[in-house]
Visitor: 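Structure provided below as structure tokens; questions to follow.
All residue numbers refer to positions in the sequence shown, counting from 1.
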Amino acid sequence: MFKERFFSSSLSRKRIQHLLELFYDSENRLGDPRNTIKVIEWEDEKYVVKSFKKPNFINQFVYRFIRKSKARRSYENAVYLTEKGIGTPQPVAYLEKLGIFTLKDSYYICYYGEHDFTFRELINDDSLQDKEQILKEFASFMYEMHEAGIYFLDHSPGNTLIKKTSQGYTFSLVDLNRMKFFDIPYNMRLKNFERLSPKKWMYDIMGKEYAKLSNKDAQHAIESMWESVQKFQDKFHRKKRFKKKLKGLFKS
């Protein structure tokens with residue numbers, strides 16, 4: 001026997017249920033190996049519905065009684081970003097399916113964020129033009145986010161949507177369930193860039209621009225960013241090698 005916990009500022013429960021029915025029927029899936037994300041079109045609107053991977057048994061209990069679910073955090077964080085003027089696709093709702101003692105399933109729904117590319121394409125697509133200007137404007141976006149006391153823990157290249165406009169570029173954050181809100185020290189602000197790119201030249205541009213906005217030394221900002229990147233990359237590749245070795249042991 002399940003019950004539902006649900007919140008939406010714009011749609012009724014009946015409409016949310018209909019979106020979920022369309023979600024189950026749709027094959028328009030976005031790439032995410034852990035969770036199921038699909039784009040839904042309904043009544044001339046495009047939505048993104050994210051069904052989070054079912055947590056392990058302990059976390060099912062934790063998310064039922066102790067900690068907010070990833071779906072609820074995604075919704076509330078998106079509302080907070082919107083209130084602070086930080087770009088993110090407009091949130092619509094979250095819904096949780098609850099057992100007596102456990103969280104079984106959870107969903108986050110937002111409007112589709114129109115974009116031309118993500119930060120990942122900025123790294124890998126050599127045909128993209130105006131990269132230096134994009135990186136400068138992105139550093140300004142990061143500065144505004146940090147000034148608002150927002151620290152994005154999952155700040156990886158696929159989680160920033162970029163759109164070109166007549167005034168320049170706009171940036172929107174997705175995958176929002178892991179965020180912290182506090183007065184962020186300068187060194188932590190620089191560290192928040194570490195997951196974005198393995199390419200030094202990008203930090204030369206972002207570090208200089210971020211330092212200018214912060215009234216700090218540019219060389220220090222660039223070196224601090226790059227040091228954090230190298231530590232993150234080393235840790236990432238060690239973990240990857242360990243998983244590969246572990247997988248080989250189980251195969252043998």
Side-chain angles (χ1 to χ4, degrees), residues 30-35 37 74 77-78 81 84-89 113 115-165 168-182 184-214 216-240:
L30 298 178
D32 185 329
R34 294 171 301 168
N35 310 296
I37 305 175
S74 296
N77 289 347
L81 261 62
K84 294 295 183 179
I86 305 300
T88 192
H115 59 285
D116 297 313
F117 49 91
T118 70
F119 199 96
R120 180 172 286 117
E121 283 72 57
L122 194 61
I123 301 166
N124 299 320
D125 187 349
D126 292 335
S127 68
L128 276 179
Q129 303 294 312
D130 211 19
K131 287 188 178 185
E132 182 174 348
Q133 183 60 31
I134 297 169
L135 290 170
K136 286 180 178 180
E137 293 189 28
F138 177 74
S140 178
F141 170 78
M142 287 283 285
Y143 178 79
E144 290 174 10
M145 182 178 77
H146 290 153
E147 283 291 288
I150 299 164
Y151 195 83
F152 188 19
L153 292 166
D154 284 328
H155 208 3
S156 55
N159 289 342
T160 297
L161 312 181
I162 305 173
K163 185 174 180 60
K164 185 174 183 179
T165 70
Y169 296 89
T170 61
F171 305 90
S172 296
L173 303 179
V174 297
D175 198 4
L176 306 179
N177 69 90
R178 296 205 319 130
M179 287 188 156
K180 291 183 178 181
F181 306 98
F182 61 103
I184 309 165
Y186 185 64
N187 64 323
M188 287 193 69
R189 295 181 178 207
L190 300 179
K191 190 176 185 299
N192 203 202
F193 287 79
E194 68 183 3
R195 299 178 59 157
L196 287 165
S197 171
K199 296 187 176 182
K200 173 68 164 53
W201 69 269
M202 301 181 82
Y203 293 94
D204 292 340
I205 297 168
M206 292 188 292
K208 183 178 180 181
E209 187 67 18
Y210 197 91
K212 183 174 75 173
L213 293 166
S214 306
K216 301 285 188 179
D217 179 70
Q219 193 59 35
H220 167 75
I222 294 166
E223 290 175 358
S224 181
M225 282 183 182
W226 187 239
E227 182 181 355
S228 294
V229 171
Q230 290 177 305
K231 287 179 180 178
F232 173 78
Q233 289 290 325
D234 286 346
K235 183 179 179 181
F236 173 80
H237 288 297
R238 282 200 308 270
K239 188 176 180 181
K240 196 172 181 179

Visitor: Sequence neighbours excluded, which residues qualify as side-chain contact (heavy atoms from CB on, under 4.5 Å) partners of Thr170?
Guide: Lys163, Thr165
Visitor: Does Lys200 have more than 12 heavy atoms from other residues, nucleotides or ligands lying within 6.0 Å of its NZ?
Guide: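 Counting other residues, nucleotides and ligands, NZ of Lys200 exceeds 12 neighbours.
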Visitor: Decide yes or no for Asn77 and Phe152: does some side-chain heavy atom of the first lie under 4.5 Å from some side-chain heavy atom of the second?
Guide: no
Visitor: In this structure, is the centre-to-centre distance between the rings of Phe171 and Phe138 below 6.0 Å?
Guide: yes
Visitor: Any side-chain heavy-atom pair from Phe232 and Phe193 closer than 4.5 angstrom?
Guide: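 They are not in contact (no side-chain heavy atoms under 4.5 Å apart), so the answer is no.
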Visitor: Please evaluate residues Thr160 and Leu173 with respect to the criterion side-chain contact (heavy atoms from CB on, under 4.5 Å), reporting the C-alpha separation (whole Å), side-chain torsions for both, the decisive distance (0.1 Å), and the verdict.
Guide: CA-CA 5 Å; Thr160 297; Leu173 303 179; 3.6 Å; yes
Visitor: Taking side chain to side chain contact (heavy atoms under 4.5 Å, CB included) as the criterion, tell me which of Asn177, Asp175, Val174 meets it with Ser74.
Guide: Asn177
Visitor: Determine whether Tyr186 and His220 make a side-chain contact, defined as any pair of heavy atoms from C-beta on separated by less than 4.5 Å.
Guide: yes
Visitor: Check whether any side-chain heavy atom of Ser172 sits under 4.5 Å from a side-chain heavy atom of Pro89, and report yes or no.
Guide: yes
Visitor: With sequence neighbours excluded, tell me which residues meet side chain to side chain donor-acceptor pair (under 3.5 Å) with Asp154.
Guide: Arg178
Visitor: Report yes if the side chains of Tyr203 and Leu196 come closer than 4.5 Å at any heavy-atom pair, otherwise no.
Guide: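 Of all side-chain heavy-atom pairs linking Leu196 with Tyr203, at least one is under 4.5 Å.
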Visitor: Where do Arg189 and Glu147 land on the salt bridge (charged side-chain N to carboxylate O under 4.0 Å, His left out) test, with the steps shown first?
Guide: CA-CA 10 Å; Arg189 295 181 178 207; Glu147 283 291 288; 2.8 Å; yes
Visitor: Answer yes or no: does atom NZ of Lys199 have more than 12 heavy-atom neighbours from other residues, nucleotides or ligands under 6.0 Å?
Guide: yes
Visitor: Going by salt bridge (charged side-chain N to carboxylate O under 4.0 Å, His left out), name the pairs with one or both residues in residues 123-144, residues two or more places apart or in two chains.
Guide: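 Listed once each, the pairs are Glu132-Lys136.
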